[in-house]
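Read through the structure below, which is laid out as structure tokens, and then see the notes.
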Amino acid sequence: MIRFIIFVFFLLLSPVLAHGQDETLNILYTGSINGELEPCGCSPKSESGGLARLSGFISSQKKGLSPYLLIDAGNSMAEDSPQGRFKAEAILKAFSIMDYDVAAFLKHEAAFHGDFLLPLAKKNGVPVISGLRGSSRTASFERGPFKINASVDPGGLRKGRLNILLTDKPVSDARAIRHWDVIITSSGEELEEPVKVNGTVIVSGYPRNKKLGILTLSFGKKGITKATHRWQSLGREIEEDAEVRGVLKEYDSRVAGLLKEDEKKAASGGQYAGAVKCAECHKPFSESWEKTRHAGAFDSLVNAGKSKDPECVKCHTVGFGEEGGFYSAVTTPQLKDVQCEACHGPGRDHAQELTPLRPVTEQACLRCHTKSNSPDFDFKLYHEKIKH
Ligand code: HEC
Ligand code: HEC
Ligand code: HEC
Ligand code: HEC
């Protein structure tokens, strides 16, 4: 009996674990999501990620992953703009559906003006830690036999707990922070493997939520005995969570509502002429352009339900955001798609007075064919496909 009491007493004092040993805990983590609700679908290669798949993966694997923690290490938000605020609402709703244990608010979140984000997190029941006024820096909770202390404060260690620091410091700086069991950064660095230094395991949220980090800790009597790690990719093969998809749909329609079509008069007299005008004198060029994917670029957005999203429209039309450029399919239908003037530059003067157009260089393509949207871009190969 006495031995039993001593045994129990010992366990109550033992750090991190409330009982037993050889337990494992999965830490599922994101960080530096940076407002990326889902991948744009521009290229099969950059098709991974998205909150709906993240949620689908977790809910389908719950059993095998348990016990697990779900943590966001910060910089989940984009910038503070009307669209950025809709994103924030969608992200926090999705976090709530996935039942995040804790989310850090760091640099990106601190850049939001007024009292917007913290009340929003509260409304959605997402536990937040941050250095912002009105928020706690530290969260303590339990998961099965594990007692957790998560903090954004490098001085916020607590004895007898699994100490997890959430930061957006780069890994090179995080290495110097001592005594934490785990540091998760949202610095936006891609780490193939965790960095292990002085008994601390450092991991970094995969930029833009392209992959889910899973850190598996094994515990013995004296604490962590083993740390293994894997990246769970979030490709098309992962079934989406319908509830989060619903949140993203709602987001799309709210973004579409930002268009002020009734206030904008149909554009007349801008610097752009439109492909129909060019075709009057350059029929063969026009016919060959129509056979390229550029001519169907706007339909791709329509099919994706994103034809009113400025973040997509800017590369799938002509002159978006410029005076006289594309505004919406209703007000400026003549400037849909990647037309002649997306490459040759504004051509109204040329169409009227034959003033010369600028030569087209690779630079013109790279404005849209970025590394993330067009990872296979190669000027020679791509030029061959659109030559006319
Ligand atoms: C009124 C007829 C007319 C219209 C409309 C017109 N062009 Fe031209 N374009 C010409 C002529 C003529 C030339 C000169 C051809 C030559 O010198 O061989 C030319 C030349 C060009 C060239 C060669 C480079 C240069 O500046 O000389 C490009 C590129 C071009 N046009 C693109 C366009 C585009 C894009 C549009 C629509 C915005 C357009 N054109 C509209 C008549 C027209
Ligand atoms: C205004 C943005 C924009 C510019 C500028 C632009 N593109 Fe594109 N390009 C696109 C978009 C968007 C698509 C995809 C269209 C779709 O299928 O919806 C695309 C598709 C293509 C494709 C088809 C890819 C494939 O695998 O079939 C080629 C080739 C291409 N572009 C070449 C070029 C080249 C070369 C240039 C420069 C001379 C260029 N593009 C300039 C936006 C642009
Ligand atoms: C920075 C410019 C850029 C932005 C922003 C952009 N796209 Fe694209 N998109 C492209 C280019 C370039 C391609 C062609 C890529 C290639 O084939 O190499 C493309 C292709 C596509 C395709 C065709 C894919 C296929 O294989 O048929 C879809 C769909 C698409 N984009 C949707 C979107 C959506 C949705 C958004 C907004 C969330 C978006 N794009 C934002 C440049 C952009
Ligand atoms: C994806 C980019 C792109 C688009 C879209 C595009 N062009 Fe071009 N165009 C080029 C490139 C690249 C050349 C090669 C000559 C150069 O580098 O200026 C060229 C050449 C031309 C020339 C011949 C210039 C010369 O020096 O003889 C004409 C005319 C022309 N394009 C008209 C058009 C018209 C009209 C359209 C729309 C119907 C169009 N282009 C769409 C990229 C584009």
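What you see is a predicted model, and the numbers here were worked out from it, not measured in a lab. Note that ligands are numbered from 1 as they come in the structure, with each ligand's atoms numbered from 1 the same way.
- Crowding of Gln83 atom CD: a count of heavy atoms from other residues, nucleotides or ligands under 6.0 Å exceeding 12.
- Note on ring orientation: taking the six-membered ring where Trp is involved, the planes of Phe146 and Phe219 are tilted (angle from 30° to 60°).
- Closer than 4.0 angstrom to ligand 4 lie heavy atoms from Cys278, His282, Phe285, Ser286, Trp289, His294, Val338, Gln339, Cys340, Cys343, His344, Val360, His383, Ile386, His388.
- Shown in contact with Leu354 at under 4.0 Å from a heavy atom are these atoms of ligand 1, numbered in order with element: 10 (C), 11 (C), 12 (C), 42 (C), 43 (C).
- Remark: ligand 2 atoms within the under-4.0 Å shell around heavy atoms of Ser300 are 16 (C), 17 (O), 18 (O).
- The side-chain hydrogen bond (donor to acceptor under 3.5 Å, both in side chains) test with Tyr272 is passed by exactly one of Lys277, Glu322, Glu341, Arg348: Glu322.
- Between Phe116 and Phe112, the ring planes are parallel. Angles under 30° get that label, and only those over 60° would be called perpendicular.
- Classification of Lys87 and Glu311 as a salt-bridged pair holds, one side-chain N sitting under 4.0 Å from a carboxylate O.
- Of the possible polar contacts, one joining the Arg143 side chain to the Tyr68 backbone as a donor-acceptor pair under 3.5 Å is found.
- Look at Lys283 and Glu287 and you find a salt bridge, because one of the NZ, NE, NH1 or NH2 atoms lies within 4.0 Å of a carboxylate O, short of that distance.
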